[in-house]
Amino acid sequence: MAEERLATRTPFPASAESQKPRLKKAQEFPILEKQNWLIHLHYIRKDYEACKAVIKEQLQETQGLCEYAIYVQALIFRLEGNIQESLELFQTCAVLSPQCADNLKQVARSLFLLGKHKAAIEVYNEAAKLNQTDWEICHNLGVCYIYLKQFKKAQEQLHNALHLNRHDLTYIMLGKIHLLEGDLDKAIEIYKKAVEFSPENTELLTTLGLLYLQLGIYQKAFEHLGNALTYDPTNYKAILAAGSMMQTHGDFDVALTKYRVVACAVPESPPLWNNIGMCFFGKKKYVAAISCLKRANYLAPFDWKILYNLGLVHLTMQQYASAFHFLSAAINFQPKMGELYMLLAVALTNLEDPENAKRAYAEAVRLDKCNPLVNLNYAVLLYNQGEKQGALAQYQEMEKKVHLLQDSTSLEFDAEMVDMAQKLGAALQVGEALVWTKPVKDTKSKHRTTSTSKAASLQQPLGSNQALGQAMSSAAAYGKLPSGAGGTSHLTKPPSLPLEPQPTVEAHPNEESAQIREK
Amino acid sequence: MAAASSSDSDCGRAESNEASSKWLDAHYDPVANIHTFSSCLALADLHGDGEYKLVVGDLGPGGQHPRLKVLKGPTVLTESPLPALPAAAATFLMEQHEPRTPALALASGPCVYVYKNLRPYFKFSLPQLPPNPLEQDLWNQAKEDRIDPLTLKEMLEGIREKAEVPLSVQSLRFLQLELSEMEAFVSQHKSKSIKRQTVITTMTTLKKNLADEDAVSCLVLGTENKELLVLDPEAFIILAKMSLPSVPVFLDVSGQFDVEFRLAAACRNGNIYILRRDSKRPKYCIELSAQPVGLVRVHKVLVVGSTQDSLHGFTHKGKKLWTVQMPAAILTMNLLEQHSRGLQAVMAGLANGEVRIYRDKTLLNVIRTPDAVTSLCFGRYGREDNTLIMTTRGGGLIIKILKRTAVFVEGGGEAGPPPAQALKLNVPRKTRLYVDQTLREREAGTAMHRTFQTDLYLLRLRTARAYVQALESSLNPVSVTAREPLKLHAVVQGLGPTFKLTLHLQNTSAARPILGLLVCFLYNEVLYALPRAFFKVPLLVPGLSYPLETFVESLSDKGISDMIKVLVLREGQSAPLLSAHINMPVSEGLAAA
């Protein structure tokens, strides 16, 4: 307890100030931690220039002994991207005070950022010996294990971290592990708990919403996405996902207003422009749709979904030659999707190349498992080509798929498709389709006035489904979730079918498609 | 107080015009030369005349000339230099006697300087920390010359590795020395007793035994060695000592020392510890996972700003209540208390030059300032009850007065859909040409498609032919034969008439060197002259690129250029392995002449 009365008259004179340092250097050492508080205050205010100036001064005065100054210098280096330098400084700190777990933690963190996960784990384990109740160590160990793909160990560490102290970040990482393992249900379980713990975290809410969307639980998905948007009305992911759900329900105008917010915040997002394009498509503004889709395609030239949509819109616009190019590009990126081959076949049919159209249909039928449209269109082509046998086989195949779909879901069939199928059935002289009796009743109520073209009969169901799939998986891809909708197998070998059909001159004009419609 | 000068720019977003603004602009001096933190600002009636003054512990520009400034209205009343940088300033009542003028405490380094009536009154120094007994012992031995410097160094290093109590500066310095300097150092310093001194990082006040506005208060100090000290206001002895797991940065206290109090300390490890009376160790802990940048208590809610640009609300037991995201980094925070309306709110100065006022998570008001605000203080100033004092990053001082008619209502800030929703989408327009082409495609789609396919096949055919031809005649610059995998590329430098031709020859095989290659140039001898048209290539080590240089003299003065063919041959074989055609540039040297 040092007490001393100051001379009341002279308030800590300035002259003393100049003498002090010189006197001290000969006899006493400055206090090492003298300006730590100032360094810290500058650091948390992100005023790194001022911070560095104080650090430099402090290190000069203490001849490099001030541990905290080195520590903050290292933190700043790391923020500036000089990870190797920061690592060296942290190691210096660890030498200066070997008993401090914090220094080791930072050494490990720098190692982690350098991608040396194994080394980082070793250092974290060292740190864990010094401090056993630190959630951060457990959490980071877990993250390291994720990068090493040791999910069991990662889970164990992350659960430890949650046990010590609950943090949103730990929940997110844990959820990610489950997603990487492909276990959606468990991931949802984790995210549910996380949302319970921190109900206002928009990232958690959005991720949970997207997961529900992936599972097709639309009610809950919308609820969570809506919550996320109330807390943060400019959340990119949530708006995109919610917008795509609105699109499925035909609320194109509402979706478009929502997209405006994103267009302001992230103007170069390919999924955004794709969705906007499909909104215009839904509103029958085809030129605007093509403009937006082309922008999306410019921003993400390798995204097959955008190419698919472009193909679809061009088919609608009767620009078959352009449609062919977009679709064949899409197939190059995604050779495993039946619908793509079907659209290609439609384009080829209209380009008067039925031989290649048939081959495309054959591939589509081979790949597709549940879409009756594929078979129906194939049957129509075969019928037009005069191959009644083949057409009949496809027609029956279609009926099978329809039965399956009716059993499993309460999906309503597109009116135009039903109409076409009935006409074809009559033409093929199959017994008047019993299959359709029920759905026809349902669909009549929502019968649309259609400008019938054959391609148009395809677009509606696909278009909207596609837009949904697109929005979902692209938003999901943004959040580094594995997209369930496909697109993972980009690097598979090219399709066996030649995508550039030979320009064999087909003599027969196929006008029968028109006939069928007239029947 | 100066009359409100009407200004136009710095009103909140909610209020577009001066008339509806809640604030009067009393004073703005962009060059007031005040550089400080919120913790170093205090408002108090220092002279007991009912005129409140502003006390500023000024760090000076660049932290060079620390000063204590006292401001009255817009002018500096007194200014005195400080011996070290001030960490915190606080005003408090020391005793019950009349006149009840508050004392001013200024924490700086290891001391608290107490002023009364703006005159130095008392200096409190933190007690010395106990040195490590082993270390003490070693230095005692050194003093009696019973230990040589080398052993001393080893022993001290041993202590540093393991001991709980850190070494003194003297020992740390000693450990850094070279062998030759040790002797001198020991003889110079051995007679001194070793000291460990800590410094104050933060300071606040705590009512002693009464909750009244003008009750005697204790000082609460946070120190660099992770302790909290409560000082008696009269005798300046340490009443209580509490230890924390980390170094405190911000403190917030409520209650009375003699009755019951709660102490929240935001620490450097990103945690906030909550202590109560009679607890020597923290009772609750809030882990932020980011650094706290401010700590303010509003009624019973602890509001913490974090480096992740967000404000969090916590209960006094550490349960998270809410989070609000800020548009920019938070620089400083303080409490806004309007006694007349019983309002308490949090002010946060942001890096984008806004000051936002929040009650819980609802935004009440936004003040735009010309520069980022780095310290904030609200209270009675002069004779005006509700004054907001702000200092900016560039050293400016802004004083605003809250209008007496002003009522903060919820939704005073942003509400409803984000403004971006009203903007029109920027959909790319399509030209007339595009529409025409679309129509053309509709009409002649099939023909276009067929033409395209035919051309595509022709193109492929030609490419394939050219490729085969190149392979057959070794025209390609990369040889892929099993024996001599080689790569060649040539560079021509110079303006002429003399050019330098550099061939880069690389052996791309994994391990095998290549021997016995020849290089031959074929050229028109009328146009060009080369010193050697044919030479041997040295042994090519795998992986390295060998530059082979030769000069080319252009002989023509007509500005014609020609091709030079480079052939790489194997000894004894007439067919070249590689060849390159170099299109020589026109000699500019001659063209100019």
Side-chain angles (χ1 to χ4, degrees), chain A residues 1-6 8 11-12 14 16-17 20 29 31-38 40-41 44-46 53-54 63 65 97-98 102 135 165 167 169 198 200 232-234 256-257 259-261 263-265 276 287-288 291-292 295 317-322 324 350-352 500-501 503, chain B residues 37 62-63 80-83 85 87 109-110 113 119-120 122-125 127 161 166 169-170 172-173 176 197-199 201-202 224 236-237 249 268-269 287 289 291 293 307 320 322-323 325 329 331 417-418 420-421 423 425-428 430 438 441-442 445-446 448-450 452-454 456:
Chain A
M1 186 76 241
E3 275 188 44
E4 40 186 317
R5 292 272 160 188
L6 286 177
T8 27
F12 331 118
E17 189 190 357
K20 245 179 205 167
F29 301 104
I31 304 166
L32 289 183
E33 296 99 359
K34 206 170 70 179
Q35 291 189 346
N36 284 6
W37 63 272
L38 187 62
H40 182 77
L41 282 181
I44 57 175
R45 285 174 164 204
K46 302 182 184 171
V54 181
Q63 298 181 357
L65 278 175
S97 72
D102 217 30
W135 74 275
N165 208 324
H167 280 266
L169 211 57
S198 114
E200 295 188 13
D232 177 10
T234 56
L256 273 177
T257 18
Y259 289 146
R260 283 181 188 167
V261 182
C264 209
I276 292 177
V287 176
S291 295
C292 294
R295 178 178 280 183
M317 292 286 278
Q318 295 169 321
Q319 288 172 267
Y320 301 113
S322 306
F324 170 80
N350 284 292
L351 290 168
E352 295 164 35
E500 298 86 8
Chain B
F37 299 101
S80 49
L82 291 173
L85 291 178
Y113 301 99
R119 286 167 189 283
F122 184 74
K123 175 181 166 190
F124 167 79
S125 295
E161 290 293 316
V169 187
Q170 183 174 324
L172 288 173
R173 271 284 163 82
Q176 277 205 319
Q197 181 65 280
T198 186
V199 293
T201 57
T202 173
E224 187 72 36
F236 287 99
I237 51 168
V249 185
R268 267 185 214 159
N269 60 357
E287 291 187 355
S289 64
Q291 289 286 352
V293 284
T307 44
K320 193 189 221 170
W322 45 262
T323 301
Q325 203 62 33
L331 296 182
Q421 197 161 312
L423 295 175
L425 274 176
N426 168 25
V427 177
K430 286 293 173 202
T438 311
E441 191 191 333
R442 269 193 207 179
T446 315
M448 283 161 94
H449 179 68
R450 287 195 183 142
F452 177 82
Q453 293 296 346
T454 319
L456 184 64

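This one's a predicted model, so the numbers in the text were calculated from it and none came from an experiment. Values below: every heavy atom of this structure, side chains too, minus hydrogens, waters and symmetry copies. Every chain is numbered from 1, with letters handed out A, B, ... down the list of sequences.
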Could you state the interatomic distance from [atom1] ([X]) to [atom2] ([Y]), rounded to the nearest 0.5 Å?
X	Y	atom1	atom2	answer
B:Met448	A:Gln319	CE	CD	8.5 Å
B:Gln291	A:Lys46	CD	NZ	11.0 Å
B:Leu85	A:Leu38	CG	CG	6.0 Å
A:Glu352	B:Thr446	CD	OG1	4.0 Å
B:Thr307	A:Ile44	OG1	CD1	8.0 Å

Which portion of B:Glu287 sits near chain A, non-hydrogen atoms under 4.5 angstrom: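 Both parts, backbone and side chain.
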
Going by the rule side-chain contact (heavy atoms from CB on, under 4.5 Å), which residues pair with B:Val249 if we only count those two or more places apart in sequence or in a different chain?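 Result, side-chain contact (heavy atoms from CB on, under 4.5 Å) vs B:Val249: A:His40, A:Leu41, B:Arg268.
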
Select, from B:Val427, B:Thr198, B:Asn269, the one with the greatest count of heavy-atom pairs under 4.5 Å involving chain A.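 Ranked by contacts with chain A, first place is B:Val427.
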
Interface moiety of A:Ala288 toward chain B, non-hydrogen atoms closer than 4.5 Å: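 It is both, since atoms from each part get that close.
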
Proximal component of A:Asp102, with respect to chain B [non-hydrogen, under 4.5 Å]: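 Looking at A:Asp102, nothing touches chain B.
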
Heavy-atom closest contact ([X] atom, [Y] atom, distance):
X	Y	answer
A:Lys34	B:Val199	CA-CG1, 4.0 Å
B:Gly445	A:Ala321	O-CB, 3.9 Å
B:Gln453	A:Phe324	NE2-CE2, 3.2 Å
A:Tyr320	B:Glu441	N-OE2, 3.6 Å

May I ask you to test the A:Met317-B:Arg442 pair for a side-chain heavy-atom distance under 4.5 Å?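 Yes, close enough: below the 4.5 Å cut-off.
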
Can you tell me which of A:Ser291, A:Ser198, A:Ala263 forms the most heavy-atom pairs within a distance under 4.5 Å of chain B?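 Maximum pair count with chain B is reached by A:Ser291.
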
